[in-house]
Amino acid sequence: MKKEMSEPMIQTQQLTKHYGDIKAVDQLDLTVNKGEIVGFLGPNGSGKTTTLLMLMGLSLPTSGTASVGGYNVINESKAVRQIAAMLPEGAGYYDDLTARQNLRYIGQLNDIPDPEIEKRTEELLEAVKLTKWADTKIGKFSRGMKQRLGIMEVLIKRPKVAFFDEPTLGLDPKATKELRDILIKLNKEQSLTILLSSHLLYEIQQTCQKVLILRKGKLVVADTIENLSNHLAGEDRTTIEFELTKMTSDLIQKIKDIDGVTSVDKENHKLFVHTESDKSREISETITKNGSTILLMKPKEHSLEEIFLKYYTED
Amino acid sequence: MAGFMVICRKELSDHLGSKRFLLLFGLIIVLSLFSAYQGAESIRNNSAGLFINIFSGYYGGGYSFLNLMFMFGPIIGLALGFDAINRERNHGSLSVILSQPIFRDSVINGKFLAGIGALSLLAVSTIGIMSGVAIPLLGFGPGPDEIVRIVLFTLLTILYLSVWLAIGLLFSTVTKKTTTSVLMSISTWIFSVIVITIVASLIANALVSTQTPEGMFRMAPPSNNGTASFDPIDQTMMEEWQERMRTNSEISTMIQRISPAILYQEAATSIITVIRFPAMSGFTISASSGTMFRSLDAGQGMLSNWPQIVVLAVVLIVCFAASYMLFLRQEIRAGG
């Protein structure tokens, strides 16, 4: 990763949005640097979409301010939309027009000259593998194809920053992976700054370097996935995960009896042994002595799901 | 500005290619041709007939292009406007468009202008085709005064259709669902062309009765030879009754003028209805809004109905301004 780019691309200061009595976004301060690909997480109704809409200048903040690419989202919103693109949640296209016509319309709205639109359209069709369907009316497109059209509409303006709001919603695993690959490629090759909102945590973990977690309109976490995982791990450095061929209650009891083992949890086919100090040798000896074989043994890793749930449920 | 032109062009080509518009266009052309043919027939059978009667009908009533527009004009205008905004909002394409570097008002301005463009095309081509068909049928064309009248009538018709477009656009901005806005459109249409006359006469009758006063036509006792006869009509009673009839009709007319359709009918009638009396050749009279006959040339015909035209323009501006303001204030929100 290019490290020289720590210039902020997106910055919000005390960004707040009220809908009546509901605080959709509450004094949000966040920063996304140039070239970063950032996961934007939070439970439903935590204010992710509202934040993205404000960043695009489509929704006016109740108070506070934000800038995208140096432009103020309140009074320079048109300039923001020149360099920023968004794939809104549940985006719709013109069913009576073909993919090419839909793209041309978006291109024209961006004031791109027609020959340039045609050139970019061909490139994009190639990139998202829709060339075959370029002259088919959108009405006949599957969800995944429409989503790829959405990606093209985002990219045709050659944005510096792109917002994707739940882009993988309703897509099958194959389409999801294709979309992820496209996003990673764009980020690497064109150092496009990407803010990706999704509920698919595995997706975020695979795609993003950094995550922002919102809860009730407030930012609760802004860190790299690595740091978060280490941070959680730091709290119980000494948990070891096992997968065994046989897991009898007798064996579990024997592990518990080892000096220094505080507790043992059995989850599905896995055994989590919590210790005060490093007792892995003693534990593995006990297991083999008792007629079981170790299939897997490793210090416990923390998935984003755990991180996510931890911050969601913490009140 | 670029965004506005792009949207306008796209919307216009959408209209011209849409089944909805083509169906209405086709229907209007067929009905208009029929009315032109019928008009031409009646003009040929009448030495006093004028070219312009193909639009007004010979006596200004019955099945004529004017009445066709009065009845169906609202549907055409509303059809182009009623789902302009809410369909795109529901479909999710509105947020995509607004994410582009355009000003938000370009969307509503572009849509409105494209609608006016499509409606103008419809009005001009229909009136043009009618004239083109009628000239060979009649063997003569319109005179200079009639040409001016036809042009003014065309402009008025465009204004009228655009008023309905603006009303439709307002409905599409106010309501979230297209089913709601289509129902609002249909009820407004029925109210403006049919219900309003009934309501107006009901209110007028409730305020000022038009019943003949009792005793106005009193039977005299039978005379010796057995024949019955009326007493001479009481002159003051008669005058009072006539006064009430007049007031009643004035109230009814005033109420009817809530409807843009009635305003159009009044203004258009005075622009294109010309009656020539053969006995007084060269002397033409047009029917103005009421029952009065006045001799008017095209310009005067327009002037005498200036208030109706102004009110139509005001309705157009108010409806568009309301949808404009609303659209600009409506925010794109999460989940819709």
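In the text below, chain A, chain B and the rest are named by the order of the sequence lines, each starting its count at 1. Since we're looking at a predicted model, the values are computed, not measured.
The cationic atom of K10(B) (NZ for Lys, CZ for Arg) lies less than 6.0 Å from the six-membered ring centre of Y94(A) and within 45° of the ring axis.
In this structure, a donor-acceptor pair under 3.5 Å is absent between the side chains of S259(B) and Y264(B). No donor-acceptor contact under 3.5 angstrom links the side chains of D29(A) and Q13(A), judged on distance only. Side-chain contact check for T98(A) and D135(A): no donor-acceptor pair (N or O, by modelled atom type) lies under 3.5 Å.
Using a cutoff of 4.0 Å between basic side-chain nitrogens and carboxylate oxygens, E89(A) and K48(A) are not scored as salt-bridged.
Residues of residues 175-184 of chain B lying under 4.5 angstrom from chain A, judged on non-hydrogen atoms, do not exist here.
Only the side chain of L97(A) comes within contact range of chain B, with heavy atoms under 4.5 Å apart. There is no contact between L94(B) and chain A, counting heavy-atom distances below 4.5 Å. In this structure, chain B has a heavy atom under 4.5 Å from the side chain of K17(A), while its backbone stays farther away.
For R81(A) (side chain) and N110(A) (main-chain N/O), no donor-acceptor pair under 3.5 Å exists by modelled atom type. S162(B) places no side-chain N or O within 3.5 Å of a backbone atom of L165(B) that could act as its donor or acceptor partner.
Between L212(A) and V38(A), some side-chain heavy-atom pair lies under the 4.5 Å cut-off.
When each of A91(A), A79(A), A85(A) is checked for heavy-atom pairs under 4.5 Å with chain B, A91(A) comes out on top.
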